[in-house]
There are 2 protein chains.
Amino acid sequence: MKHSRQSLRALRVVDPPNIFGGIPGLEARWEDYREFFRRIEFPAKAVLLREGEIPSKVFSVEKGCLRTAIDRNGKAITTQFFFENDVVASIESFRSGRPSQISILSVEPSIVVVLQKRGFEALLRDFPDMKDMLLELLFRRFEAYARLFASYLTLTPRQRYLALMKSDPRIIERVPQHYVASYLGITPVSLSRIRKRIRSRST
Amino acid sequence: MKHSRQSLRALRVVDPPNIFGGIPGLEARWEDYREFFRRIEFPAKAVLLREGEIPSKVFSVEKGCLRTAIDRNGKAITTQFFFENDVVASIESFRSGRPSQISILSVEPSIVVVLQKRGFEALLRDFPDMKDMLLELLFRRFEAYARLFASYLTLTPRQRYLALMKSDPRIIERVPQHYVASYLGITPVSLSRIRKRIRSRST
DNA sequence: AATCGACGTTATCCATTGTTAAGAAATTCA
DNA sequence: TGAATTTCTTAACAATGGATAACGTCGATT
């Protein structure tokens, strides 16, 4: 019962997307760039980008949930989750043109706006604000990364889970538990135990 | 026997520095920018930037070793080490102008080239290549971060230590062990045990 | 030389995780 | 609906990390 990667369904070309939070001036010239965008529907567990491939697309989640994962000696671990309106790309490989270190996969059946690399580059070329937006986005991601990283160094798995419940309950509500476990850096078994302890001990 | 932060010794203005890997065209116009650079000597354990302060400088290690650290409920943990020719800044706060989440400290007595924020901004303004270099630098850091992050999710402390021995032996050779421990996210006691196990078991 | 402080090691005790295996519960799909 | 798959839970065992305390070592200072 595997989902073949070919069974994608390209839907009609989208309206000016809110990908990248809206680029000033894009809407007016939308016809020139429309062709670079596609709206595609993926089933759950579809592979949008496979580790080792050269990325050629940027994704924006319109509906559903995606995750990024890396394969570390056989074990797939999830590094991030993405929900509605989040932008996803193997950002550093996309730029460098080298094989991606990460995979991008769907968690739920999802509708995704796909921006071709050529389109991305055209936008970057034609809209001067894009570069600053990109920098800004990188800086923000950086900060979030640093914060997350720090939490891994200082918090116990139990504390991380509790923190996650507060900071992003969507993950716990919508994502299968074993993905959450790998996101927390622990085994599904251990997460199950932690949840039990929380249930009984403190609630 | 505290090192007062005032006991710094500003040395003569440097030659065109290799900070940021050399900016095309800077050397020719060096006189205009010289004033923004200082070379300063710090004793070990000096505080170059304190958590909560608004960062106003970028540092480049000329000799010695710096580290970045965050304070997580009373416990200082080290997030990165920097050696000769590394560039150090509280990158996201530097940009946003908000209080720094991290501290920057010297590990060894160090000689550091300090670039004032005004100078940094002047360079960014006057040399178009700077923005691309900055983007490139960010992308690379990003990749490194992602890789490190992944290693924390997948490796045991013991494996992380072994990996560190391979990937950056300078850290283990030059940095006091308890800093390494906090860098690995474990206690000094635990690191000591791990080292012992490695010594006896495999070696 | 004696002292002080910083750093590293070792031991003990307790809590937690990983591993493996088995079974229950929930979902998917035919 | 019923079967197959996936996901979650629980148990038992071994290994490891955190906390604490005691001790040793080294270097700097007086």
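Lettering follows sequence order; numbering is per chain, from 1.
Not counting sequence neighbours, the partners of Y161(A) by the side-chain hydrogen bond (donor to acceptor under 3.5 Å, both in side chains) test are R195(A).
Cation-pi check for R67(A) over Y179(A) is met; the charged atom lies under 6.0 angstrom from the ring centroid and within 45 degrees of its normal.
Between K45(A) and dT7(D), a side-chain N or O to OP1/OP2 separation shorter than 4.0 Å is present. Look at T187(B) and you won't find any side-chain N or O under 4.0 angstrom from OP1 or OP2 of dG17(D).
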Contacts under 3.5 Å, N or O only, protein and nucleotides 8-11 of chain C:
residue, atom, partner, partner atom, Å
dG8(C), OP1, Q177(B), N, 2.6
dG8(C), OP2, Q177(B), N, 3.4
dG8(C), OP2, H178(B), N, 3.0
dG8(C), OP2, H178(B), ND1, 3.1
dT9(C), OP2, Q177(B), OE1, 3.4
dT9(C), OP2, Q177(B), NE2, 2.5
dT9(C), OP2, S192(B), OG, 3.2
dT9(C), O5', S192(B), OG, 3.3

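A salt bridge links R174(A) with E84(A): the distance from a Lys NZ or Arg NE/NH1/NH2 to an Asp or Glu carboxylate oxygen falls below 4.0 Å. A salt bridge is absent between R170(A) and E173(A); no separation between the charged side-chain nitrogens and carboxylate oxygens falls under 4.0 Å.
The aromatic rings of F37(A) and W30(A) sit tilted relative to each other, their planes meeting at an angle between 30° and 60°.
To the nearest angstrom, C1' of dT17(C) lies 14 Å from CD1 of I194(B). The CG-C1' distance, from L184(A) to dT17(C), rounds to 13 Å in whole Å. Y161(A) places its OH atom 10 Å from the P atom of dC8(D), with the value rounded to the nearest Å. Atom-to-atom, CD1 of I186(A) to P of dT19(C) comes out at 12 Å; the value is rounded to the nearest Å. For the pair L155(B) CG and dG18(C) C1', the computed distance is 14 Å after rounding to whole Å.
No more than 12 heavy-atom neighbours from other residues, nucleotides or ligands sit within 6.0 angstrom of CZ on R118(B).
Of the possible donor and acceptor atoms, none in the side chain of S100(A) sits under 3.5 Å from a partner among the backbone N and O of E53(A).
End-to-end axis angle of the helix from dA1(C)-dT30(D) to dA30(C)-dT1(D), from C1' rotation axes over five pairs per end: 40° (rounded to 10 degrees).
Side chains of S96(B) and R98(B): a donor-acceptor N/O pair is present below 3.5 angstrom, by distance only.
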